Protein chains: 2
Amino acid sequence: MIVSTINVNGIRAAVKERSPENQGLLPWLKTTPADVICLQETRADDEQLAEALAPALADGWHLASADPHLKGRNGVAVLSRNPITRTRIGPGSNADDEFASHGRYLEVDTGDLTVASVYFPTGEAETDRQVEKERFMAAVAARMAELLRNRRDAVVCGDWNIGHTELDIKAWKANRKKAGFLPAERAWLTDLLATGWVDVVRVLHPDTPGPYSWWSWRGKAFDNDAGWRIDYQLANRRLADRVVSARVERAEAYALRWSDHAPVTVEYC
Amino acid sequence: MIVSTINVNGIRAAVKERSPENQGLLPWLKTTPADVICLQETRADDEQLAEALAPALADGWHLASADPHLKGRNGVAVLSRNPITRTRIGPGSNADDEFASHGRYLEVDTGDLTVASVYFPTGEAETDRQVEKERFMAAVAARMAELLRNRRDAVVCGDWNIGHTELDIKAWKANRKKAGFLPAERAWLTDLLATGWVDVVRVLHPDTPGPYSWWSWRGKAFDNDAGWRIDYQLANRRLADRVVSARVERAEAYALRWSDHAPVTVEYC
DNA sequence: CTTGGTAGG
DNA sequence: CCTATCAAG
């Protein structure tokens, strides 16, 4: 069982042919061994998303998605080779959940697994946008506590927009007061992991900087590997014990950059 | 003395290299025999315009321009191989001219010639935008009457956004109620020509449809030559008598399309 | 279909 | 620097 997660930074741009060598997301989808793929920042409504992914759907992929409330913003989805047997939109427990309409949280069951695709707000230190990010963090943590109480194995994938430790951001010193590496955000992740979730990429690469999963388009950030590791798969411990490999597909991304993020791919035996 | 006029549809886009074969406006500028070039729809302020045209200025071209009041809209300019000895912005006679700030009218003297670069509003039938277009038409006609009373030879170049006769629009039947081919607009041009101005391209091509100078980007308008002749050079009669050639540079535009308009180029002996 | 502005990343 | 939106042409 292989699970991938990637922030596509606009599904319509991601599926576009960019050059003869770089034909975008669809060739990657054709060749990936993944069984489940979590997508974030589709920046499209359900109809536009299905249209962009039409070739994949024709190939038999199943699709679930959570529409953004604002056009051209957010949007998350899950692609699965096996049927999707349950979907839940929003981290909250009821329809008046403030985030249910934001296109930031989608949870599905497929086979024996529960998979969530989550897109955290960017935030902005010292502003209301950071307050909203923290409300979203609290809502997701509450839902993840519920998931732990369930019987099913679960993995929560996404763009968390938080670097956890100094290993996770190349320029961590310059970012100590920036949204994405604030002490409160880092502590929140530490606390979340203490409840029983496992950051499976970090467990397999405990001491190395990165592997980064996002590089700014600006300047030569990608060439210099001046990146951030902000895309995580958090698995419950029983599932995490089954991890056989966990990597960021940077090599592929190097040749074929159709997003500013790279896929984070984990094989569970 | 060769005068060209072209609506560049955004100077910053026009100077961009579009492909190995199509390097944009600058190579055309390198090879054109024109002595004076009127530009419309630069969609840039004076500083952005000078930056986009920096290679031409380094080659010795002189530049005058009229800033648009709204960012990214309108904007007219004149490039001249010889020095520009007088500049006037706006068709009106005083600073409270409503159009002086709109980046639609620039008049210069160079050598013995007065040259104006004018960008008429698009208009929209039955709306306030048409009323404004007609106010601009009246202001330009008034200024052109003044020009005729002057001693100097003068040519008023630009994107008039009006097709004069059925020869000037391929699909004239479908456009009889559309801004750009309204009876009032056509009559205004007829009246203007009756005051002593000469549409020099039409005089040299009296009976042929076109030659069109604008084609919509939509569909296959350009390939089908489904165009409009809306870019004119109007010369006073004495100057018009010196015309030796007048053409639309469609052949060049075919290979190298860096605007939806093509240059209208006239040689005066 | 293309331009430039703007918000957001 | 890239992805969207939008108004305008």
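These figures come from a predicted structure and were not determined experimentally. Numbered from 1 within each chain, the chains take letters A, B, ... in sequence-line order.
Between A/R43 and C/dA7, a side-chain N or O to OP1/OP2 separation shorter than 4.0 Å is absent. For C/dT6, the OP1/OP2 oxygens have a side-chain nitrogen or oxygen of B/K71 closer than 4.0 Å. A close approach under 4.0 Å does not occur between any side-chain nitrogen or oxygen of B/R73 and OP1 or OP2 of D/dC6. The side chain of B/R257 places no N or O atom within less than 4.0 Å of a non-bridging phosphate oxygen (OP1 or OP2) of C/dC1.
Atom CZ in A/R218 sits roughly 9 Å away from atom C1' in D/dC2 (whole-Å rounding). Between B/I11 atom CD1 and C/dG5 atom C1' the separation is 18 Å, expressed in whole Å. Counting to the nearest Å, the C1' atom of C/dG4 and the CZ atom of B/R12 are 6 Å from each other. In this structure, A/R18 places its CZ atom 15 Å from P of D/dC1, rounding to the nearest Å. The CG atom of A/N9 sits 14 Å away from the C1' atom of C/dA7 (whole-angstrom rounding). Look at CG on B/N7: it is 14 Å from C1' on C/dG4, rounded to the nearest Å. As rounded to whole Å, 11 Å separates atom C1' of C/dA7 from atom CG of A/L70. The CG atom of A/N161 sits 15 Å away from the P atom of C/dG8 (whole-angstrom rounding).
Looking at B/W228 and B/N175, their side chains come closer than 4.5 Å, going by heavy atoms from C-beta outward. Two residues are said to be in side-chain contact when any heavy atoms from C-beta on lie closer than 4.5 Å; B/E132 and B/M137 fail this criterion.
In terms of position on DNA chain D, the residue among B/D159 and A/G72 whose nearest nucleotide sits closer to the 5' end is A/G72. Between B/W214 and A/T42, the residue anchored closer to the 5' end of DNA chain D is A/T42, taking for each the nucleotide with the nearest heavy atom.
Note on A/Y119: only backbone sugar-phosphate atoms sit closer than 4.0 angstrom, heavy atoms only; bases stay farther off.
Between B/W258 and B/W28, a ring centre-to-centre spacing shorter than 6.0 Å is recorded. Taking the six-membered ring for Trp, A/F120 and A/F136 have ring centres closer than 6.0 Å.
Between B/K133 and B/E185, at least one side-chain nitrogen of the basic residue sits less than 4.0 Å from a carboxylate oxygen of the acidic one, meeting the salt-bridge criterion.
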